Amino acid sequence: MNIVVVGGGAIGSVVTYVLSSRGCKVTLIDKDFPGKATSASAGGLWPVGEAIGLGCGVIFHASQKSGSIDISVADSSGPQPLPRIFMDFLVESNRYFPKLTEELEHHSGIHIETETGTGLLYVIYDENERRYTQSLLDWLDSSDTDVEEWSPAQVNEREPLLTRDQLGGIYFPGDNQVNPMLLVDACIRASTKLGAEYVPNTEVTGITMAGDLVTGVDTDRGHFQCDVLVNAAGAWSAKLAQMMGINIPVFPVRGQILCTEALRNQTLNCNLSTSDCYILQKAHGEILIGSTTEINGFDVEVPLENLIGLAAGAKRAIPALEYATVKRSWSGLRPGTPDEFPILGPMDARPNYFNATGGFRTGIVAAPLSAEIVAAHILGEPQPFDSEPFLADRFKNIEVNIPTS
Amino acid sequence: MTDDLLIIGGGPAGMSAAIEAATHGLVCTIVDESAALGGQIYRPLAVKPNGQTPAATVVRGDELRDQVQQLSQLINIRSESVVWGISKGNKFAVGKEGEGTEILEPKLTLLAPGAYEFVPPFPGWTLPGVMTPGAAQILSKTMNISPGKRVLIAGTGPLLIVIASQLVSNGVEVAGVIEASRQPDWLRLAIRGYRSWGLLREGARCLNTLRKAGVPVHYGRVVTRAEGKDFVQRVYHAPVNADWYPDFSGEQIESVDTLCIGYGLQPRNYLAQLAGCEMQYVDARNSWLPVRDRDLWTSQPGILAAGDGAGVAGAMTAESEGQLAGLVAANKLGKIDESAFDRLRAPIDAKLSRLAPFQKAIADICRIRPGLSSLVDDDTIVCRCEEVTWGEVNAAIDHGGTTFRSLKVMTRLGMGMCQARFCWPAMSRMVASKKNCPVADVGPARPQAPIRPVPLGLIASIPKVPETCE
């Protein structure tokens with residue numbers, strides 16, 4: 001069975017690795033050179049924090065409402081926690097990382113910098129935010145979730161550089177981080193060792209069909225025959241689906257990241273998030289400040305005002321960062337979906353076609369379990385998780401509004 | 001008030017452009033990273049020399065600075081400032097430490113950022129005591145500090161003998177000059193270049209200074225490696241063939257404590273790239289340059305490019321291009337009509353065409369040859385910021401890394417403070433050499449804001465809203 005995976009980002013490379021490690025013959029086609037994909041990600045693995053909207057979600061909603069979050073769950077104007085099943089899905093996926101890290105290091109020689117013990121700390125700035133986070137905690141039922149409430153003093157004890165001008169924080173001890181670019185690189189190298197073919201810098205120009213079945217992929221470097229096609233084209237996956245006459249509601253959501261010089265290790269002890277930005281220190285010492293969440297088509301320009309906003313948000317949280325040197329910024333496109341759930345697995349209309357897309361702001365943490373789900377669909381194995389809610393056909397017969405800028 | 005013309009870079013091109021534009025009534029802002037205008041070549045002296053005749057470049061710099069000063073009603077100077085970002089082609093983030101960032105939206109913009117020195121890696125090049133000729137020049141000329149006790153100057157280009165003679169005049173012991181190109185090429189240039197005899201006279205004067213001081217100039221040789229414990233002590237150089245591949249059997253050793261080495265100049269092209277200007281690789285200039293039309297417009301509406309940043313051709317060409325850019329801007333904004341424009345540009349065009357053959361010939365003599373990429377070994381550091389070795393990059397190329405972005409992810413090449421400005425010009429040539437493809441196919445590094453490392457506090461400041469003109 002020839003499996004072609006289109007898209008060499010986080011999900012595409014993990015799917016390729018999972019299938020290759022089960023002995024499948026996989027060809028991974030990517031439109032870019034190695035290293036381009038997954039550029040919208042800083043590598044936060046925040047299953048709980050992101051599921052209840054205190055990772056990128058709160059920044060997203062604050063930006064949609066322009067200004068500080070003045071919200072409560074009661075009037076439903078704030079970021080809503082996603083359904084419980086989604087948090088369970090992310091928590092489960094996050095559990096794959098320790099083993100995946102070991103395997104990838106074994107096969108590729110690359111350590112993907114998976115961290116444990118850092119945790120995610122959401123910093124509460126004002127009373128509105130406190131009321132809002134309290135309502136989230138009530139919803140969460142902290143008795144069975146990894147979550148702690150910290151006083152302002154506890155926050156500063158753990159994170160001495162953090163501003164004193166805060167009302168405490170919510171700490172998620174199970175939410176850690178990884179290096180997303182190394183994750184992709186390691187998966188691709190491991191897969192090629194296991195027999196996969198990696199075809200970078202190659203653009204898909206068309207899909208060949210026989211009735212409802214996909215028979216191959218036309219590219220600017222020739223034709224690739226396939227028995228199974230996996231769409232892992234990220235923000236571009238709706239375009240790929242259209243090539244075979246099907247629609248999936250995936251749209252690009254731009255994210256921008258600022259990167260400082262490498263600073264002394266443990267300048268920051270936690271991954272931090274606020275209503276302005278997230279701030280996390282990578283293994284090499286650099287601090288990443290992200291991320292805007294903008295719906296603006298496929299434009300990857302980095303508007304100056306947004307960079308200024310991110311820098312100001314970082315300075316507000318960690319005043320000493322004012323003196324850190326910024327050396328780079330970049331932006332990338334996340335694949336968004338209307339209900340913020342990923343789109344995984346088969347579609348009725350195309351029997352040998354499978355989606356692996358829609359990772360939006362949880363694409364990295366969700367990648368391992370998403371890949372297992374897709375692989376189980378392809379190989380006809382039992383599902384590792386109730387993946388019914390992630391099928392593309394959930395959008396069948398309902399009107400889908402794709403947000404525009 | 002909205003600027004008519006934003007000029008980025010206050011060297012020969014930027015100053016000339018401001019003078020010309022303001023003469024025709026345009027409101028200009030010059031943004032420059034230094035405390036005083038002049039750029040590298042027209043940099044003012046820190047201390048006035050006692051009794052000595054100042055160098056021609058200092059005199060010319062003072063003249064231009066005076067003219068800018070006389071037009072200060074129309075020329076606003078933002079010194080010690082950096083344009084760290086551009087968006088949508090016409091919004092420019094100008095930052096200054098301690099003051100923060102302001103976003104300017106000028107009607108027109110001139111990119112005149114100048115050039116920096118090109119130093120390809122070789123074993124020992126990261127030793128203390130190895131520096132660029134330009135760095136030695138700043139130490140000696142503007143700070144009156146000797147770069148070392150015994151200095152070897154190496155690389156290629158006319159600046160080598162200029163700097164060597166300046167060091168000799170300042171009492172520094174210069175062990176010799178190692179010039180990669182061949183002497184007959186320079187002699188032919190002297191015969192052909194009679195119309196640029198001012199430049200030739202300057203060259204002859206420098207050579208004469210060196211001869212009197214007994215400083216040998218070796219042509220057709222390159223530095224192959226530097227050695228020393230803690231700092232440079234020995235420098236090896238060897239003769240090269242026409243492609244600059246060294247013949248190690250002819251290696252000689254020079255005992256020095258300082259090596260100044262540079263193989264010509266690289267344009268600072270990242271602003272043009274960030275602005276979205278169409279770029280093309282020009283092999284003769286060893287670099288990616290913005291595509292420009294006859295009036296110096298780039299492909300981005302409203303953006304002009306002039307001087308060494310758009311194609312290294314020296315200060316005289318830069319001045320003339322700057323002047324032309326100022327004139328073009330005045331014409332574009334309706335300050336001078338077409339006939340006046342044609343009349344005023346004629347002498348500038350004539351001067352540029354007079355300078356062109358000479359500059360082209362120099363560029364050709366000093367053209368970087370492939371042999372220069374053959375000096376490294378696996379342990380040679382090729383990315384100084386992140387201490388990435390050639391061995392690591394070589395392995396990554398074998399894995400399919402052929403572009404800046406892929407090598408970066410695999411090796412951290414270019415991910416440090418310099419953001420590949422220093423390593424990529426040489427590394428792209430080495431990748432091309434290994435893949436046996438044109439350098440253009442490897443592609444440029446991709447600059448992003450901030451185009452130079454800046455403190456977060458400089459970016460974080462709340463931008464002032466620019467006033468509108470109407």
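None of these values were measured; they are calculated from a predicted model. The analysis underlying the following values was restricted to heavy atoms, covering all of them including side chains, and did not include hydrogens, waters or symmetry mates.
Heavy atoms of other residues, nucleotides or ligands lying less than 6.0 angstrom from CD of B:Glu97 number 12 at most. In the displayed structure, B:Arg412 atom CZ is contacted under 6.0 Å by more than 12 heavy atoms of other residues, nucleotides or ligands.
Annotation: side chain of A:Gln256 is not in contact with side chain of B:Gln448 (no heavy-atom distance under 4.5 Å). Side chains of B:Phe92 and A:Leu304 form no contact here, defined as non-hydrogen atoms less than 4.5 Å apart. Between B:Leu456 and A:Ile289, some side-chain heavy-atom pair lies under the 4.5 Å cut-off.
At a 4.5 Å heavy-atom cutoff, A:Ile110 makes no contact with chain B through either its backbone or its side chain. For B:Glu386, the part lying under 4.5 angstrom from a heavy atom of chain A is the side chain only. Using a 4.5 Å cut-off between heavy atoms, B:Ile86 contacts chain A through its backbone alone, with no side-chain atom that close. Only the side chain of A:Asp299 comes within contact range of chain B, judged by heavy atoms closer than 4.5 Å.
Highest contact tally toward chain B, considering only A:His284, A:Arg316, A:Glu261, is held by A:His284 [criterion: heavy-atom pairs under 4.5 Å]. No other option in B:Gly416, B:Cys385, B:Gly276 has as many heavy-atom pairs under 4.5 Å with chain A as B:Gly416.
In this structure a side-chain-to-backbone donor-acceptor pair under 3.5 Å is present from A:Lys327 to B:Met415.
Heavy atoms only, all atoms of each residue included: A:Ile308 and B:Ser461 are closest at CG2-O, 3.3 Å.
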